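Okay, so here's the structure we're looking at.
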There are 4 protein chains.
Amino acid sequence: MTKQAPVDKRRIILDAAVRVFARDGFHKCRVSDIADEAGVAYGLVYHYFKSKDQVLDTLFLERWEVLLEAIRHTDALEVPAEEKLHAIAGFIIDSYRHDPDLMKVIIVEVTRAANSFGAVHIRKIDEAYALIRGVVEKAQQRGEFRSEIPAQFAVMSFYGAIEQVLTGWIFGLLDEGEDAYDSAKAHIVQTICGGLAA
Amino acid sequence: MTKQAPVDKRRIILDAAVRVFARDGFHKCRVSDIADEAGVAYGLVYHYFKSKDQVLDTLFLERWEVLLEAIRHTDALEVPAEEKLHAIAGFIIDSYRHDPDLMKVIIVEVTRAANSFGAVHIRKIDEAYALIRGVVEKAQQRGEFRSEIPAQFAVMSFYGAIEQVLTGWIFGLLDEGEDAYDSAKAHIVQTICGGLAA
Amino acid sequence: MTKQAPVDKRRIILDAAVRVFARDGFHKCRVSDIADEAGVAYGLVYHYFKSKDQVLDTLFLERWEVLLEAIRHTDALEVPAEEKLHAIAGFIIDSYRHDPDLMKVIIVEVTRAANSFGAVHIRKIDEAYALIRGVVEKAQQRGEFRSEIPAQFAVMSFYGAIEQVLTGWIFGLLDEGEDAYDSAKAHIVQTICGGLAA
Amino acid sequence: MTKQAPVDKRRIILDAAVRVFARDGFHKCRVSDIADEAGVAYGLVYHYFKSKDQVLDTLFLERWEVLLEAIRHTDALEVPAEEKLHAIAGFIIDSYRHDPDLMKVIIVEVTRAANSFGAVHIRKIDEAYALIRGVVEKAQQRGEFRSEIPAQFAVMSFYGAIEQVLTGWIFGLLDEGEDAYDSAKAHIVQTICGGLAA
DNA sequence: GATGAATGAGGATTCATTCAT
DNA sequence: GATGAATGAATCCTCATTCAT
């Protein structure tokens, strides 16, 4: 007789929330939908989280921390800047490939609605920008990237391009599929680094 | 006897709604807040609009139609593609410069939350993408732009970069100011067309 | 055809609230009970009052202001202090006779639970004490009342006696009836002014 | 090996409940607040008590029984009625002096809100009135007290005066302090027995 | 006895929308 | 057109109580 893996209801609730938020949207869904989806009692959501907002916060912060770590790790590598950007875009796109619901929630409900939430989220998001800016600035110092374009704008273009592609997938405006994911990584980086001009 | 300037209360309500949506967010504000801001009676909002949603819809569609027209007009010009993209980015950025509240509402409440609303918005948004895609594709056919990058991705990068810069301003993560607006136009186009690489 | 007296729904709600609070208690009753009793829609309660608490507040303050006015008026009369106390006790007891539900609510839910509410109530209650203290102090200065007993204690005894009698009626521990009301006024004043001792 | 002082968790919970009820009020506090204050697990409160109400009941009944016993004992003494009333007032005031939180809870949450609870409390409270009435009636028969004032009213005045003074202390409307306690005893009895009149 | 996770009914409050005037 | 009182469904959150360990 093997010992049963202990069930972490907190985790179950978070995972259920991802599905519900992705399906119905944060504002349209009810807390009871989350509880139902998780198969737990209504009140248990409030046992683990102070509010509906906090469920979303937790989801975002958990994942965003992983993203920040990935960017930091990438930044530390001894590779060309272009390769770093490829790795970062790749990480974000793979996050979507691996768990599209979670990324949908993060982009649609948090990243693109960050003003509704406290300044905490905006600061976290800015942390990611700052890390990527570091990558660009170092590349500019090393002469890999040209310096006419302020790093801040470069970052916005890069990150904006990625998020827009994900949004295209989320809204069904862009074809999805295994091939699409990999080519998206390449094309975004090609565009941002090489430019569209012939 | 001088002719009274006709007061268009419908317009007053729409303008008030922009300020309220920008300040409090579409979900957090109440219809009464709009009426208060407009200085009209509660019920009048419902005299002119079927619902709170319709107020936002109207705001979005009014402005988006202008944007589409601007893109169409630009597309028809006989100028290099890069110049066209500069005009389009310029138009969007000038829209923000001229009425930041309205653009904030359109981006934060509509463009980036389009899934909450009916498919109407998504289709309208996609119309803009399609027009810009036309610009890119023609440039590719003419050899102005290289063809390795699918036009669809190019558009996403271009539009995403613009929206991200606006978002940066909206969230206070990017320096604003008259200079910033003009240089933003240039830098976005430089990045997307010329690339970051040295 | 005579014009109908306009119905003041705010008043109707307040009056209904008195009955409901008296019957079920402030904590046990639901806002919907008040609306039902008043025969109005649920939301109307919130159209006129910010919260359930505020309904009780309004009831208390309305009536308490009348009490304060009555005490002030009595105090201004040129009559012996004992007569003044009789008038004050009489006013409070007549208030109960006239609208026992309202006085029950004020005593049970406000006066005797004033710590749950904001300091506003306590201050209002203290205002009544202060006025009565004035009556006693003047009587002491004039030699009508002896000075050994601090006015503050005298007031507490006087007011406490009245409230306790009302509480006795409310809880069914003391016989009620038209006779009882008048004799109560006399007996309370006799006790406080003349003392029990033979 | 020294014998451990036995820890009576039931007692610890009751004592914690007194503090919590006094601080936050019976209705506003949560059962978990009691457990926290007591430093015990949530469920333990329910191990010892059937419900939150029962905790309050226990507190009240425990103390009230002591009060009843004190009154009974006083009543049996061969001393003048005035002295008996002084002893009773003294006992209640000393109870407050010794444990103000407990008396606050009993007065604010039970004695003055007795209608919310079952008839049990009212009957217990009435028992005290009956005992004091006995004191007064005997005094009236013996000619110590005059008979015009029905004993029942005399009791209400006496007990009401005491409770009002305690309430004054509780609500901060009356000066407290060691001196105040003793003079309060004297003044209440002087007022009730001797009257205010010169 | 002791723990604290789990349950779920209950109720206040909000607010979009309607409608009589 | 204009007003704002009236409606009532929707839903978050609280918290007493139970129960498995």
Side-chain angles (χ1 to χ4, degrees), chain A residues 6-10 12-13 27-36 38-55, chain B residues 7-10 13 26-36 38-55, chain C residues 6-10 12-13 27-36 38-55, chain D residues 6-10 12-13 26-36 38-55:
Chain A
V7 259
D8 181 352
K9 300 236 171 153
R10 185 172 174 283
I12 288 173
I13 290 169
H27 284 102
K28 292 241 173 97
C29 82
R30 291 165 293 171
V31 174
S32 69
D33 294 331
I34 300 173
D36 289 351
V40 302
Y42 194 90
L44 201 61
V45 176
Y46 285 91
H47 182 73
Y48 287 111
F49 304 95
K50 231 176 55 189
S51 67
K52 190 184 171 189
D53 274 30
Q54 213 203 45
V55 176
Chain B
V7 213
D8 182 352
K9 299 232 171 157
R10 185 172 174 283
I13 290 169
F26 178 78
H27 281 101
K28 293 231 174 112
C29 82
R30 294 167 293 174
V31 174
S32 70
D33 293 333
I34 300 173
D36 288 351
V40 302
Y42 201 33
L44 201 60
V45 177
Y46 283 90
H47 183 73
Y48 288 113
F49 303 95
K50 226 178 58 191
S51 69
K52 188 185 175 188
D53 276 29
Q54 213 203 45
V55 176
Chain C
V7 259
D8 181 352
K9 300 236 171 154
R10 184 171 174 283
I12 289 173
I13 290 169
H27 283 102
K28 292 240 174 99
C29 81
R30 291 163 293 169
V31 174
S32 69
D33 293 333
I34 301 173
D36 288 351
V40 302
Y42 197 93
L44 201 61
V45 177
Y46 285 92
H47 182 74
Y48 287 113
F49 304 95
K50 230 176 55 188
S51 67
K52 188 184 174 188
D53 273 30
Q54 212 203 44
V55 176
Chain D
V7 214
D8 182 352
K9 299 232 172 158
R10 185 173 174 282
I12 287 173
I13 289 169
F26 178 77
H27 282 101
K28 293 231 173 113
C29 83
R30 294 168 292 175
V31 175
S32 69
D33 293 332
I34 301 173
D36 288 351
V40 302
Y42 201 33
L44 201 60
V45 176
Y46 283 90
H47 183 74
Y48 287 112
F49 304 95
K50 223 179 60 191
S51 67
K52 188 184 174 188
D53 276 27
Q54 212 201 48
V55 176

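In what follows, chains carry the letters A, B, and so on, assigned in the order in which the sequence lines appear, proteins first and then strands, with residues in each chain numbered from 1. The shown structure was predicted, so the numbers you read here are calculated from the model rather than taken from an experiment.
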Exercise. Pick the nucleotide of DNA chain F nearest each of D/K52 and A/S51; which residue has the one closer to the 5' end?
Worked result: A/S51
For this session: Using whole Å, report how far OH of D/Y42 lies from C1' of F/dA20.
Result: 17 Å
Exercise. Is a side-chain N or O of B/K52 found less than 3.5 angstrom from the main chain of B/F26, in a donor-acceptor match?
Worked result: yes
Seminar exercise, completed: Contacts of A/V45 and B/S32 projected onto DNA chain E by closest heavy atom; the upstream (5') one is A/V45
Exercise. Which of parallel (below 30°), tilted (30 to 60°) and perpendicular (above 60°) describes C/Y42 and C/Y46?
Worked result: parallel
For this session: Quick one: closest heavy-atom pair of B/A35 and B/V45, and the distance?
Result: CB-CG2, 4.1 Å
For this session: Figure out the NE2/C1' separation between D/H27 and E/dG10, and round it to whole Å.
Result: 14 Å
Exercise. What are the two closest heavy atoms between C/Q54 and C/Y48, and how far apart are they?
Worked result: OE1-O, 4.2 Å
Seminar exercise, completed: In whole angstroms, the gap separating C1' of F/dA2 from CZ of B/F49 amounts to 15 Å
Seminar exercise, completed: Here the distance between atom P of F/dC19 and atom NZ of A/K9, to the nearest Å, is 15 Å
Problem set entry | Closest nucleotide among E/dA12, E/dT3, F/dA2 to the C/V31 side chain | E/dA12
For this session: Answer yes or no: does a side-chain N or O of C/Y46 lie under 4.0 Å from OP1 or OP2 of F/dT7?
Result: no
For this session: Check the distance between F/dC13's P and A/K50's NZ and give it to me in whole angstrom.
Result: 10 Å
For this session: Any strand is fair game: report the nucleotide pairing with F/dT7 by Watson-Crick or G-U wobble, both distances under 3.5 Å, or none.
Result: E/dA16
Seminar exercise, completed: Taking a pair to mean Watson-Crick or G-U wobble geometry with both distances below 3.5 Å, F/dT21 pairs with E/dA2
Exercise. Between atom NZ in D/K28 and atom P in F/dC13, what is the gap in whole Å?
Worked result: 20 Å
Exercise. Just how far, in rounded Å, is P of F/dA16 from CG of D/D36?
Worked result: 12 Å
Exercise. Looking at CD1 of D/I12 and NZ of D/K9, how far apart are the two atoms once the value is rounded to the nearest 0.5 Å?
Worked result: 6.5 Å
Problem set entry | Between C1' of E/dC15 and CG of C/L44, the distance in whole Å | 14 Å
For this session: Tell me which of D/G43 and B/H47 sits closer to the 5' end of DNA chain F, going by the nucleotide each one is nearest to.
Result: B/H47
